[in-house]
There are 2 protein chains.
Amino acid sequence: MLDTLTLKNMTEATKKPIKTAIIEDQDDIREGLASLIGFTDGFKCTGAYKSMEEAFEKIRRDVPDVVLSDIGLPGMDGIQGIKILKERYPQMLILMITVYDDDERIFDALCAGANGYLLKRTPPMRLLESLREAVDGGSPMSPEVASKVIKLFREIRPPERADYDLTPHEIRLLKLLVDGHNYNTAAKELKSSINTVKFYIKRVYEKLQVHSKSEAVAKALKERLLE
Amino acid sequence: MLDTLTLKNMTEATKKPIKTAIIEDQDDIREGLASLIGFTDGFKCTGAYKSMEEAFEKIRRDVPDVVLSDIGLPGMDGIQGIKILKERYPQMLILMITVYDDDERIFDALCAGANGYLLKRTPPMRLLESLREAVDGGSPMSPEVASKVIKLFREIRPPERADYDLTPHEIRLLKLLVDGHNYNTAAKELKSSINTVKFYIKRVYEKLQVHSKSEAVAKALKERLLE
DNA sequence: CTATTAACTACCTAAACGGGTGATGTTTTA
DNA sequence: TAAAACATCACCCGTTTAGGTAGTTAATAG
C-alpha cells in the first residue's frame, strides 16, 4: 500500500507540483515550512512572506495554488488579509496555520474564506497531506479544530422550536405583526375587521403568554415560530 | 516513522482496545467492518446490528466507546436513532458512515450528536484512524464532508449586521424593549424618568427608520443589533 | 330540532404609545 | 469663554393597544 501511495504521489508530482506560498512572520517557522515544501516531490514553494503587505506585493509574480497563512502577523492580521487575497484570487486556496484554536478565530477565518485550519503542531507529513487534500477539494482541519467546528455548528441551530399550538391563521397574523403591521393594516391584509384581528391577537397572546405586540414579536422571532 | 506509529498503536491497544459497535443493514458491509475492526490490534468489535431497534436492545450488554452507524436503515433511520443513543449514552461517540453526502443529512446528523461523518468509500486504514481520532476528541470527516460543513458554516454567517450608529445606551434600551419592557418598567430599570426613555426611544426609531416598538424589536432581532 | 361550537364582529375603558415642542443643566469644543 | 452638543426631563394630544364583555351567523352534533 505504501508503494502505491508513493507512486501515486510521484506521478501527480511529475504532472504538476502544488504551488504553495507561505505567509508567516517567525523566521524559523517560515523557513522550515519553505524547506519542507520545497524539498518534497510534488510540491513547490513559490514564495515565503513575512507579512500580508509583503504578500500582496509579491504574490502576483507567481500566483500559488495554495497559501499557508499565519493569523498573528505584524501589520494586517491574517484573517483580514486572506479576505483580501480571496477577493483578488478567488480560485486560490487558503489554509490557516496558527497556534490559535479559539472559537472566535476559527469561525472568522473560515468565514473569511479559509479552506482549512491547521494548528502549528501539525506534523510535517500531515501538513503536506493537507495541502493535497485542499487541492483535491477538501477542507483539512486539525482534529481539535474539526471538533470545535462541529460544536459551533450545533450551537447555531438548536433552538428546538417550542410549540404553542398556533393555528395557521394565527401564524399569518403573527407574521404581519412581525412585519410591522398594526391592527388596522393587518385587518385589511387579512380582509377582516379590526375587531376580528384584535380577537385573534388576544388568543395569540394567551397562547404565547405575553402581554404586548412587541413581546409577541420577540418571542416569535427568538423561537422561530414562523415558517 | 511507521515503526513508531505501529508501536504506539500496539501499546495503546494493549492498554485498552477501542470498543466499537456497528449499525448497518447491508450484510456484506456490516460483516466487512466487523472483520476489519475485530482483527485489528487496538480495536474490538462489541456488536454488529442490522437496525437501530436491534442496537437499542443489545447494545446495553456491552456499551461501546464508539458506534459506527449507517443512515439509511430499515425501521428507524440512523439520524433519529443516534439522537436516542446519545440521550441514553451521552459519553458514547458516534460516527456516521454513509453514502449520503447531501447538506441536509450532514447537518442533521451532526446536530443530532454525531461526532464525525464518513463516506462509505473511506479506505479501511482511514476508517480505523477515524475511530482513534474520535476517541482522542477529534471529529473525523471525509474531505468532501469537511468541505461541505465549512460551506454551510459560511452560509449561516450572520447577515453582516448593518450599523445604525446606536449608542450603548440606546442598545441597552432596545434590549429592554426586546425583553418585553414598557416605557415605565424600562425607565425604572434605567433609573431615569419615563420621559427620558420616550425621548431616547424616539431617536432609536429615527435611526432604525421604524415607527413602533414592535417594528424596532423585529429589526433588532432580525439584524442582530444586540450584542 | 335544539344545544354547542367555531368564526367573526362589535363596543368600551384604561393604559400605553408615537410624535411633537420645549426647558433645563452639563460637557465638549472651537 | 462663548457656542455647540449632549443628557435629562416635562407636557400635550391624538392614536394604538390590551383586555374585557357580548352579539351574530353558520356549521355540527347529539
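Protein chains get the first letters and strands the later ones, always in sequence-line order, with residue 1 at the start of each. The analysis underlying the following values was restricted to heavy atoms, covering all of them including side chains, and did not include hydrogens, waters or symmetry mates.
Heavy-atom distances to DNA chain D give each of B:Ile194 and A:His211 a nearest nucleotide, and the one nearer the 5′ end belongs to B:Ile194.
A heavy-atom distance below 4.0 Å to DNA chain D is reached by none of the residues of residues 168-181 of chain B.
The B:Tyr205 side chain lies nearest to C:dG18 when the options are C:dA10, C:dG18, C:dA7.
Atom CD of A:Glu206 is separated from atom C1' of D:dT21 by 14 Å (rounded to the nearest Å). Taking atom CG on A:Leu208 and atom P on D:dG19, their separation rounds to 12 Å, with Å as the unit. Between the CG atom of B:Leu190 and the P atom of D:dA7 there is a distance of 14 Å, given to the nearest Å. At whole-Å resolution of the value, CD in B:Gln209 and C1' in C:dG18 are 16 Å apart.
Applying the ring-ring contact (aromatic ring centres under 6.0 Å, His included) test to B:His211 and every residue at least two apart in sequence or in another chain returns nothing. Annotation: side chain to side chain donor-acceptor pair (under 3.5 Å) contacts of B:Asp65 (sequence neighbours excluded): none. Contacts of B:Lys58 classified as side chain to side chain donor-acceptor pair (under 3.5 Å), with partners at least two apart in sequence or in another chain: B:Glu54. Contacts of B:Tyr183 classified as ring-ring contact (aromatic ring centres under 6.0 Å, His included), with partners at least two apart in sequence or in another chain: none. Taking B:Glu206 as the reference, nothing meets the side chain to side chain donor-acceptor pair (under 3.5 Å) condition, with sequence neighbours excluded. Take A:Ile79 and apply the side-chain contact (heavy atoms from CB on, under 4.5 Å) test, not counting sequence neighbours, and it matches A:Ile71, A:Asp77, A:Arg105, A:Asp108, A:Ala109, A:Ala112.
One finds a salt bridge joining A:Lys207 and A:Glu170 here, because a Lys/Arg side-chain nitrogen approaches an Asp/Glu carboxylate oxygen to under 4.0 Å.
Contact annotation: B:Ser193 side-chain N/O to D:dA10 OP1/OP2 distance is under 4.0 Å. Between B:Arg203 and D:dA7 there is a side-chain N or O to OP1 or OP2 distance below 4.0 Å. Taking 4.0 angstrom as the limit, A:Tyr200 places a side-chain polar atom (N or O) nearer than this to OP1 or OP2 of C:dC8. The phosphate of D:dT8 has neither OP1 nor OP2 within less than 4.0 Å of any side-chain N or O from B:Thr196.
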With a cut-off of 3.5 Å and sequence neighbours excluded, list every side-chain donor-acceptor pair involving residues 145-153 of chain B.
unit_1, atom_1, unit_2, atom_2, d
B:Ser147, OG, A:Gly137, O, 2.8
B:Ser147, OG, A:Ser139, OG, 3.3
B:Lys148, NZ, B:Asp101, O, 2.9
B:Lys151, NZ, B:Asp103, OD2, 2.9

Please tabulate, for side-chain N and O atoms in residues 91-98 of chain A, each donor-acceptor pair with protein atoms closer than 3.5 Å (sequence neighbours left out).
unit_1, atom_1, unit_2, atom_2, d
A:Thr98, OG1, A:Tyr100, N, 3.0

Quick tally for nucleotides 23-29 of chain C: nucleotides whose base has a protein heavy atom under 4.0 Å get B, sugar-phosphate-only ones S, the rest -, giving -------
List, with names and distances, any nitrogen or oxygen atoms from the protein found under 3.5 Å away from nitrogen or oxygen atoms belonging to nucleotides 11-16 of chain C.
unit_1, atom_1, unit_2, atom_2, d
C:dC12, N4, A:Lys198, NZ, 3.3

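Within the cation-pi definition used here (under 6.0 Å to the ring centroid, within 45° of the axis), A:Arg132 qualifies as a partner of A:Phe43.
Among residues at least two apart or in separate chains, there is no ring pair (Phe, Tyr, Trp, His ring centres under 6.0 Å) pair with a member in residues 44-96 of chain A.
Within 4.0 Å (heavy atoms only), B:Ser192 reaches sugar-phosphate atoms of the nucleic acid but no base atom.
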